[in-house]
J.: 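Can you read through this structure? Questions will come right after.
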Amino acid sequence: MIQVSGSGNTVCASGPADPAPMLRRPAEPTHLAGREKEAEAVLALLAPTSRARATTVISVLSGLPGIGKTALALHVAHQAVARGWFPGGALFLHLRGHDPAGPVGAEEASGTLARALCVDDAMTPDEQTGLCQAALNRLADEGRAVLLIADDVSSAVQIEGLVPARSEHRLLVTSRHLLTGPSLRARLFPLDELAPHGAAELIAEALRHARPDDPRSREADALAELARHCGHHPLALQIAASLLTTDAGRAVAALVAELADAHTRLDVLSYDDGGHTTAVQAAFHLSYQRLLPHHRQLFRQFALNPGPDTTTDAGRTRDSATRAGAEHSKTWAYEFGTHHEPTGPRPGTPGSWPTCPRTTQSARKAGL
């Protein structure tokens, strides 16, 4: 797999000397606890025998910051290339949708793809896109399908020039947003928190990987309680696992006790490796900074809701005098992750929005 970014060096992904389908960086995640079902669903869509492959060129993995979108995309990409489904190889493009320095623009993204495909520079963005499509078409004619992975996309506009014209190729996108605009027809794979067993297993596997004889990896009840305090959120779980692996004498029960207070939980879920800090709160803060002012206010107000869900009428009261305004805010809430999109009908609660505990805590930290 070849990794390119908006401002980094690139390597040609085609040509007679191309070693595809050999895998290159970024590496496949060593363990994908709790995402087996989602991985199989995406792989089923990418498979050459998939009935939907001819009509579904774009797949979008969406969800909260740190929910595991990139890890799942890399796992799926490595598996698909290893199975011979993409003889032309795979290209990983990091579009920095929520980078503090700003996202990669649409023209820069197209230029990055062009350089990776060894396409000559063009005079205009439209010409650049046309040359990229011509290169991809040639690869398709040669039977060398390519899998494009666009990571951390902030808007549909960013990737419009990356969408392959031929269905032999595929575009796999990760985003914190649903990307459901009229110009982008995609198959959506929204990612939720892990199931309780998979969440506890993620921590246990990290402990076993660091120290195969670590007895803490066998404390099922304590690990389940720790995973619950982490909201079964992959980034929070990984931070908790890092805190435990760094200190072999730290009891799981002790960390559970530190996380028991919901008001200080996000402060505890932070890991500093000496040069870089990974924190749940920081990941959500980047998304918060991109919100419109009235959406920031609504986000903070969600922290006042004590129950497991809220309603469209409540959103209307908080955000707008019209139901249309509330429905717009509900769409935003799904995209930002303060509330989950219901997976089925909820009897007796029409228009309800199930809340996400992790973003509710983040909302409290944002100013309430």
Side-chain angles (χ1 to χ4, degrees), residues 1-26 46 53 56-61 69-70 73-74 76-78 80-81 85-99 101-175 177 179 181 183-186:
M1 185 179 299
I2 298 171
Q3 179 181 21
V4 295
S5 65
S7 58
N9 296 324
T10 60
V11 180
C12 292
S14 59
D18 179 46
M22 289 178 61
L23 299 181
R24 302 184 182 179
R25 62 188 181 100
L46 296 178
R53 178 158 177 170
T56 308
V57 174
I58 311 169
S59 301
V60 177
L61 309 180
K69 303 179 292 293
T70 301
L74 288 173
V76 166
H78 278 263
V81 173
W85 296 351
F86 294 94
L91 282 172
F92 181 91
L93 298 99
H94 184 206
L95 299 188
R96 308 195 307 266
H98 296 84
D99 192 296
V104 174
E107 294 181 10
E108 188 179 359
S110 296
T112 299
L113 176 61
R115 292 190 296 275
L117 293 172
C118 297
V119 172
D120 294 333
D121 290 337
M123 296 298 293
T124 68
D126 287 342
E127 290 177 348
Q128 191 83 84
T129 299
L131 290 173
C132 285
Q133 293 296 343
L136 288 171
N137 289 344
R138 285 195 298 272
L139 288 171
D141 291 338
E142 296 168 2
R144 305 183 69 197
V146 174
L147 175 61
L148 305 177
I149 305 102
D151 185 49
D152 194 16
V153 175
S154 58
S155 70
V157 174
Q158 255 190 313
I159 57 172
E160 285 180 348
L162 306 180
V163 180
R166 296 275 292 269
S167 61
E168 290 92 337
H169 307 301
R170 304 306 300 276
L171 175 60
L172 182 60
V173 178
T174 73
S175 178
H177 310 287
L179 301 183
S183 64
L184 194 72
R185 295 187 60 186

J.: Identify the heavy atoms of Ser167 and Val57 that sit nearest to each other, and give their distance.
T.: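 Looks like CA-CG2, 4.0 Å.
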J.: Backbone N or O of Val104 within a donor-acceptor pair of the Gln158 side chain at under 3.5 Å?
T.: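 Side chain of Gln158 to backbone of Val104, a donor-acceptor pair under 3.5 Å: yes, one is there.
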J.: Ala150: what forms a side chain to side chain contact (heavy atoms under 4.5 Å, CB included) with it, not counting sequence neighbours?
T.: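 Checked Ala150 against side chain to side chain contact (heavy atoms under 4.5 Å, CB included); matches are Leu95, Val153, Ile159, Leu162, Leu171, Val173.
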J.: Given 3.5 Å as the limit, does a donor-acceptor pair link the side chain of Ser59 with the main chain of Leu172, or not?
T.: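 No.
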J.: Indicate the atoms forming the closest heavy-atom contact of Ala145 with Trp85, along with that distance.
T.: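 For Ala145 and Trp85, the tightest heavy-atom pair comes out as CB-O, 4.1 Å.
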J.: Nearest 0.5 Å please: distance from the CG atom of Asp151 over to the NE2 atom of His94.
T.: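 The CG atom of Asp151 sits 5.0 Å away from the NE2 atom of His94.
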J.: Once rounded to the nearest 0.5 Å, what's the spacing between atom CG of Leu61 and atom OG of Ser175?
T.: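 That separation rounds to 10.0 Å.
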J.: Write down the atom of Gly161, the atom of Ser110, and the distance for their closest heavy-atom approach.
T.: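 In terms of heavy atoms, the two residues are closest at CA-OG, 3.7 Å.
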J.: Tell me, yes or no, whether the heavy-atom count around Glu107 atom CD, taken from other residues, nucleotides or ligands under 6.0 Å, exceeds 12.
T.: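 It does not: Glu107 CD has 12 such atoms or fewer within range.
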J.: For Leu179 versus Ala156, what's the shortest heavy-atom pair and its separation?
T.: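 Where Leu179 meets Ala156 most closely, the heavy atoms are CD2-N, 3.7 Å.
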J.: Does any non-hydrogen side-chain atom of Phe92 lie less than 4.5 Å from one of Thr70?
T.: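 Yes. Closest side-chain heavy atoms under 4.5 Å.
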J.: Please step through side chain to side chain contact (heavy atoms under 4.5 Å, CB included) for the pair Leu117 and Val146, ending with a clear verdict.
T.: CA-CA 11 Å; Leu117 293 172; Val146 174; 5.5 Å; no
J.: So, do Glu160 and Leu184 sit near enough that their side-chain heavy atoms are less than 4.5 Å apart?
T.: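 No, too far: nothing below the 4.5 Å cut-off.
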J.: Taking all non-hydrogen atoms of both residues into account, name the closest pair between His98 and His177 and its distance.
T.: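 So the two residues come closest at NE2-NE2, 3.4 Å.
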J.: What are the two closest non-hydrogen atoms of Arg166 and Ala140, and how far apart are they?
T.: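 The answer is NH2-CB, 3.6 Å.
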J.: Using atom types as modelled, flag every donor-acceptor pair under 3.5 Å from a side chain in residues 129-137 to any protein atom, sequence neighbours excluded.
T.:
| residue | atom | partner | partner atom | Å |
| --- | --- | --- | --- | --- |
| Thr129 | OG1 | Pro125 | O | 3.1 |
| Gln133 | OE1 | Ala165 | N | 2.9 |
| Gln133 | NE2 | Val163 | O | 2.7 |
| Asn137 | ND2 | Gln133 | O | 3.2 |

J.: Working to the nearest 0.5 angstrom, can you tell me the gap between Arg185 CZ and Thr56 OG1?
T.: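 Going from the CZ atom of Arg185 to the OG1 atom of Thr56 covers 8.0 Å.
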